[in-house]
Trainee: 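Below are the structure tokens for one structure; questions will follow.
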Amino acid sequence: MELEKTPTSLVFGVNGERFELSHVDPSTTLLQFLRTRTRFKSVKLGCGEGGCGACVVLISKYDPVLDQVEDFTASSCLTLLCSIHGCSITTSEGIGNSKEGFHPIHKRFAGFHATQCGFCTPGMCVSLFGTLVNAEKTTCPEPPAGFSKVTVAVAEKAIAGNLCRCTGYRPIADVCKSFAADVDMEDLGFNSFWRKGDNKDSKLSRLPQYDHNQTNSRFPLFLKEVKQDVFLASEKHSWHRPISLMELQSLLKLNHCNGTRIKIVVSNTGMGYYKEKEAYDKYIDLRGISELSKIRKDQTGIEIGAAVPISKAIEALKEESRSDFLSDYVMILEKIADHMSKVASGYIRTTASVGGNLVMAQKNNFPSDIATILLAVDAMVHIMTGTQFEWLTLEEFLERPPLGLESVLLSIKIPNLELNKSESSEPRSRFLFETYRASPRPLGNALPYLNAAFLVKVSQCKDSGGTVIDTCRFSFGAYGSKHAIRAKNVEEFLAGKLLSASILYDAVILVTATIVPKDDTSKTTYRSSLAAGFIFQFFNPLLDASAINNGYFNGHINLPYAKDFELKENQKQVRHDKVPTLLSSGKQILEAGCDYHPVGEPIMKSGAALQASGEVVFVDDIPSPSNCLHGAYIYSAKPLARVRSIKLTPELQLDGLRDIISIKDIPNGGENIGSKTIFGVEPLFAEEIARCVGERLAFVVADTQKLADMAANSAVVDYDTKNLEPPILSVEDAVERSSFFEVPPFLYPKHVGDISKGMAEADHKILSAELKLGSQYYFYMETQTALAVPDEDNCITVYSSNQCPEFAHSTIARCLGIPENNVRVITRRVGGGFGGKALKAISVATSCALAAQKLQRPVRMYLNRKTDMIIAGGRHPMKITYSVGFRNDGKITALEIQILINAGIYVDISAVMPHHIVCALKKYDWGALSFDIKVCRTNHPNRSAMRGPGEVQGSFIAEAIIENVAATLSMDVDSVRSVNLHTYKSLQSFYEYYHGEPYEYTLPSIWSKLAVSANYDQRTKLVQKFNRINTWKKRGISRVPAVIELTLRPTPGKVSIFVDGSVVVEVGGIEVGQGLWTKVKQMAAYALGAIQCDGTEGLLDKVRVVQSDTVSLTQGGFTAGSTTSESSCEAVRLCCNILVERLKPLKEKLQEEMDSIKWETLILQAYMQAVNLSASSFYVPSNDSMGYLSYGAAVSEVEIDLLNGETRFLQTDIIYDCGQSLNPAVDLGQIEGAFVQGLGFFMLEEYETNLDGLVLQDGTWNYKIPTIDTIPKQFNVQILNSGHHQKRVLSSKASGEPPLLLAASIHCATRAAVKEARKQLLSWSNQDEEDSTFQLGVPATMPVVKELCGLDIVERYLKWKMGKDIMVLT
């Protein structure tokens, strides 16, 4: 029997504050505790899966034996609170803050313009801080003053696992690099610290000073006394931390008898993948057992304890490779370590254990990399079952039935294979080892499509000098099989063979037949072709010494040590250049405007340092009022079904579940309305029939968000589809059943020219070509959220993360059946919106308001990421059919186009889509243009506006047509683009109202400027040369223009001056990260400065922009369409003009009495003399200033890998016309961020549905937005300051959405590279005719690119090579 223990308390520190808890629910995460029980809110919930980095903290742990503190970053959303006993936690506020002073990290984030919405920024800061802290513990040389010991490569990788949806990462990379001792200061991008031309010393002196000696996180003394033993117990749960295997055995045995639900944990990171569906009674933490946390090395191999974190295993494996000349075994260990460093991300590897990863692979079929690579090296595992201990091969372990609770993995051993090698009998044999993974992100943080590891013993044939394969082990995993497997048939086939092209061909055929995914997946053939590619990559260099010089293998990450046969054992050299140094570099060219100071100045974003420290308050950061409840949606799982009943799983009807709100709870006089536009209404809840997957059925209200989510997940909905027609789940179904939304005639665009005449003038025609475009999810870092607080007299206040509070205000009033003056909606800031926080946020605010009014308690909701992704709708998918006529020179004479838009079940904003699509499509002179665009109503969640709605698709459709025309004519696509650019005359006919003056049409000059600045012609020749000499990599380059029509909307503003001269500004526009507040501050300072007092030059620091409040400022409109910043600025300017006019008489009077007058003095006097110091305005743009065209162009160059389909984005050059930028630093961030979001749409982000319309990508595990390793390596942006535009707001132009369209240049460049690959493929079959009219899908993911390059490319190459070899022999 286990001895009864006395429960202890849980003791830990957060930012130096001591916490001691005696009662803890062991399932509580550190993130939940920090956000609900402390004042520290910088840690954010972004995904709850350890996949985004928003919740990263630094954990510091004291080792009394070594008297050392270990510091590591960790994902607090997965870290269980009980596991941090004795630890010190540091959040971004703990690094520095506004009270005690910001850390240089915070200041540099602000100064490098590296924040936008700011939601992800604190996590980024902590990730970087953790890297700096640990760099100081290394033996690297002392860095120069002001720098850290960290290197540029390591610094950039510090944030490799952190997601940002706003910035495009380039400035964040600059922040990281600015701390590195080996940084080239010239490589750091635009910032607020220095100006062009400053020398290195001057630059360094202006950077916020960093003292690397003070980085050691201050470990609180009170924690050094804490005993590590912890046992927490309550009536329902307990947490145990056994310190010996014997204690563990007794715990397991005791509880095996009485049916207790046990969870064995090391770091709990597995919960990120396998979400908890049940509660546990007992948690057993294995990290107290020393045997499980040790790494032992001897001549037989290296044994790694099961609880050892992956990061420590990597360190231990790399330790052996410090010298220059190493054995095969040490090189194998180093390659295992390299591969492990691509598993998950840094802040997961520091806590996730090697054993935990393998157990998940064994029990749950987790697609593990570690299992695959260890299987190839014949690893052993040590298992304890009850009191029995046994060693198994990893292969036996994986093949066994899933481990029971009584079995525990203790350690993993990587044997020293050289012990088995007889030096005397095989003096010239040696081991070759390689690992492979094909994954959407080079640096990890993404599961692979396929992973593999090959261990081969080879020797040289005495007769031919060729390569003999003595023995081999091939392991493959993560391809849909139960677990990693060995390809034994391939091993047996190759063993003892002399390597030749024909033998390799047979092996490839065998491996593609072996590696076939067991589950039903559309990527089956892709994964099989990857296996062929890996085998080929491994053996090809050994076929022919000359192949080593091929560009693909030169310094390639997976080049085996093929040339080392002649080297003696002690001379074998190891390469340390495995992962190329990252990631981003760029030049930024922009001009500060000086006509309207401080407008036009690239000043720092308002509140940027506060965003970095995590002190800014988002909706979910507002402390919960007392008695607050939390909500979660029960949504439909069927696309069209009657809802007969909704029940919760009986065992989950626990204490704390308060109500289920549905359509029945809408009060008399209220309406079932979730959002509204001029086009129609979306209901809050399904009435009787659920009309799409994801439609809201009910709203569960509980004491905590966790309980509400669990209850909603457990809901059992009884559906009935009797007598209902089948759902409409495609645009083709919608056409067949005439299911369309009406587009108001005033919104439907006009045709241009005579289509029949245009077609008659054509020399060639392409008829009825088809094109499809998919959807895209917003992936705002902050999911949908609101807090509703009931007030006196049937009033309600709602805090909402919302791009259009005015619409939420009126919707709430209509739903509750109360007058609008009973409702108040407050929005301070939004943690990323991109259109998804416009209409989609209203229903969230309304749901909370309805529940709060019924229960008369505050109700809040923070949507979990999965639910958000299922109900979001996202970008509009569409099917396009077009016919185009064109002349021999590429000039297009007519375009006829039909578009079917999948709008989903409710109209939302979909009625504007035809107008938006056509506006962007018209960027080229089509001669004549006619179209038929139908907005289809389907049983999908309604699609909504997403950054550049319609314009992105329209602009891309134009490029796809141009590409097809060029391919048909076998012409250079760039010349076809150039010949179809508008003249000013054609611009006038296509853009009837918004074409502007001739000098405003800047696209032709941008087009030619970009050719020069991007070195387009020379690089095109270099790309051609590269493609001639490289077999397995191909490059493409493309230049693309963008024209977008922008419209200003009426916007209110209010400016008030306090008696001390400080100024507060309110505007209708919402700060969503686009720098609206910053531009508004600048405008207020400029416009008030017209009074010309002493001290007005410092007005910028006296201005504060405050939250949007629908009671204080009505008619706020919506923040969308890129122009809200400028219209808000104009509204503020009108207010300031009124105030200046009021102050002028007093100022003149005072000036007569004294020579000069200070701003503060003037305001005090005005206050004393009862001058009204508050002014409101409502800016309504005139007809001739309401809209304009914005222009830009981009050149992008990419490189594709023909063996796995990976596309690397080598360089992008952008020139974008901002008019006279209101703030070039802010606009630069908008341009880069929009482009990278577009890159995601065109290349990476799959947002598909199953046959019922349920979204397949529902989290960070399967939805991959760009990361720091998937942006252009060289990213150059020039903001064109195109002079005065009298009808613009201070001559400015918007920058939020238009640059997103330019990301099509990446897709077009990829198409060019694929074209070269296909040409080469045909040449191997002795076919010279080009097949250049292929279509590259969107997004052009790795499988899409690989399929077009040839899934059987390896087989075809080997066949061709064998044919060549035969010809040589004959």
Side-chain angles (χ1 to χ4, degrees), residues 104-105 107-114 128 131-132 135 140-159 167-210 212 577 580-592 601-604 1009-1010 1012-1015 1018-1019 1022 1194-1197 1209-1216 1224-1225 1227-1229 1231-1232 1235-1236 1268-1269 1271-1281:
I105 290 175
K107 292 177 185 175
R108 293 191 193 183
F109 260 90
F112 277 97
H113 312 290
L128 176 55
T131 300
L132 298 183
C140 294
E142 276 294 297
F147 291 105
S148 159
K149 285 183 179 180
V150 78
T151 62
V152 165
V154 173
E156 278 192 296
K157 280 183 220 149
I159 52 133
T167 63
Y169 299 101
R170 198 272 316 154
I172 299 172
D174 280 347
V175 173
C176 298
K177 288 190 287 191
S178 75
F179 288 93
D182 60 343
V183 69
D184 177 357
M185 298 293 274
E186 292 299 315
D187 190 41
L188 298 178
F190 181 75
N191 60 72
S192 290
F193 303 123
W194 59 75
R195 289 284 175 258
K196 202 174 173 183
D198 286 358
N199 63 32
K200 183 179 176 180
D201 291 342
S202 173
K203 287 177 178 179
L204 185 55
S205 68
R206 291 169 192 243
L207 267 179
Q209 282 307 296
Y210 171 71
H212 76 97
D577 60 347
T581 50
L582 275 184
L583 272 179
S584 68
S585 173
K587 292 189 180 74
Q588 301 79 41
I589 301 172
L590 34 88
E591 294 173 46
E601 288 285 325
I603 67 163
M604 273 195 285
K1009 261 183 191 167
L1010 184 64
V1012 175
S1013 66
N1015 225 346
Q1018 189 188 344
R1019 280 171 57 205
L1022 289 171
V1195 168
S1196 289
E1197 185 180 347
F1209 314 123
L1210 302 180
Q1211 182 168 335
T1212 291
D1213 296 79
I1214 296 173
I1215 299 183
Y1216 182 74
D1227 286 334
L1228 174 68
I1231 293 164
E1232 292 177 335
F1235 183 89
V1236 170
I1268 193 171
D1269 52 344
I1271 62 170
K1273 281 179 76 70
Q1274 180 74 26
F1275 198 179
N1276 304 323
V1277 178
Q1278 179 178 351
I1279 296 179
L1280 191 70
N1281 203 332

Trainee: In Å and rounded to the nearest 0.5 Å, what is the CG to NZ distance from Asp184 to Lys200?
Mentor: 7.5 Å
Trainee: So, are Asp198 and Arg195 salt-bridged, with charged N and O less than 4.0 Å apart?
Mentor: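 Looking at Arg195 together with Asp198, the answer is no, because their closest N to O distance does not fall below 4.0 Å.
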Trainee: For residues Lys107 and Pro208, report the shortest heavy-atom separation together with the two atoms involved.
Mentor: CB-CG, 3.5 Å
Trainee: Of all the heavy-atom pairs spanning Thr167 and Ala114, show the shortest one and how long it is.
Mentor: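 Distance-wise, the nearest heavy atoms are CG2-O, 3.7 Å.
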Trainee: Do the side chain of Glu591 and the main chain of Asn1281 share a donor and acceptor less than 3.5 angstrom apart?
Mentor: no
Trainee: Hey, what do you get for CD1 (Ile1214) to CD1 (Ile589), rounding to the nearest 0.5 Å?
Mentor: 12.5 Å
Trainee: Kindly compute the distance separating CG (Leu590) from CZ (Phe190), expressed to the nearest 0.5 Å.
Mentor: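 CZ of Phe190 is found 4.5 Å from CG of Leu590.
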Trainee: As an exercise, state the distance from CD of Glu1232 to OG1 of Thr1212, rounded to the nearest 0.5 Å.
Mentor: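 Answer rounded to 0.5 Å: 10.5 Å.
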Trainee: Does a side-chain heavy-atom distance below 4.5 Å link His113 with Ser192?
Mentor: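 Result yes, sub-4.5 Å side-chain heavy-atom pair found.
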Trainee: Indicate the atoms forming the closest heavy-atom contact of Ala181 with Pro144, along with that distance.
Mentor: CB-CD, 4.1 Å
Trainee: Contact between Leu188 and Lys203 at the side-chain level, heavy atoms closer than 4.5 Å - yes or no?
Mentor: no
Trainee: Decide ring-ring contact (aromatic ring centres under 6.0 Å, His included) for Phe1235 and Phe1275; before the verdict, give the C-alpha distance in whole Å, the side-chain angles of both, and the deciding distance to 0.1 Å.
Mentor: CA-CA 10 Å; Phe1235 183 89; Phe1275 198 179; 5.5 Å; yes
Trainee: Can you tell which of Lys587, Lys1009, Arg1019 makes a salt bridge (Lys or Arg N to Asp or Glu O under 4.0 Å) with Asp1213?
Mentor: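 Only one option passes, and that is Arg1019.
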Trainee: Does the side chain of Glu142 come within less than 4.5 Å of His212's, by heavy atoms?
Mentor: yes
Trainee: Within a strict 4.5 Å, meaning less than it, do heavy atoms of the Pro1224 and Pro602 side chains meet?
Mentor: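 Side chain of Pro1224 against side chain of Pro602, heavy atoms only: contact under 4.5 Å found.
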Trainee: Here's a test for you: under side-chain contact (heavy atoms from CB on, under 4.5 Å), which of Trp194, Phe147, Phe193 qualifies with Leu204?
Mentor: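 Exactly one candidate clears the test, Phe147.
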Trainee: Could Lys1273 and Glu1197 be called an ion pair, given the rule that one side-chain N must be under 4.0 Å from one carboxylate O?
Mentor: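 Here Lys1273 does not pair with Glu1197 in a salt bridge, since their nearest N and O are not under 4.0 Å apart.
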Trainee: For the backbone of Pro1272 and the side chain of Gln1274, can you confirm whether one donor and one acceptor N or O come within less than 3.5 Å of each other?
Mentor: no
Trainee: Find the distance between CD1 (Ile159) and CD1 (Ile1268) and round it off to the nearest 0.5 Å.
Mentor: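 Going from the CD1 atom of Ile159 to the CD1 atom of Ile1268 covers 3.5 Å.
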Trainee: Please find the pair of heavy atoms, one from Ile1215 and one from Ser1013, that lie closest to each other, and give the distance.
Mentor: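 Heavy atoms only, the tightest pair is CD1-OG, 3.9 Å.
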Trainee: Between Asp182 and Val152, which heavy-atom pair has the shortest distance, and what is it?
Mentor: OD1-N, 2.8 Å
Trainee: With the side chain counted from C-beta on, respond yes when Leu132 and Tyr210 share a heavy-atom pair under 4.5 Å apart, and no when they do not.
Mentor: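 With C-beta onward as the side chain, the pair touches.
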Trainee: Within a strict 4.5 Å, meaning less than it, do heavy atoms of the Arg206 and Asn191 side chains meet?
Mentor: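 No; the side chains remain at least 4.5 Å from each other.
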Trainee: Would you check if Ile172 and Phe109 make a side-chain contact, meaning some heavy-atom pair closer than 4.5 Å?
Mentor: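 Heavy-atom side-chain distance check passes, below 4.5 Å.
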Trainee: To the nearest 0.5 Å, what is the distance between CG on Asn1276 and CD on Gln1211?
Mentor: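 That separation rounds to 5.5 Å.
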Trainee: Are Arg170 and Asp174 packed together at the side-chain level, in the sense that at least one heavy-atom pair is separated by less than 4.5 angstrom?
Mentor: yes
Trainee: Could you give me the CA-CA distance, side-chain angles and deciding distance for Phe179 and Val183, then say whether side-chain contact (heavy atoms from CB on, under 4.5 Å) is met?
Mentor: CA-CA 8 Å; Phe179 288 93; Val183 69; over 6 Å; no
Trainee: Quick check: closest heavy atoms across Ala155 and Val150, and the distance to 0.1 Å?
Mentor: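 Looks like N-CG2, 3.8 Å.
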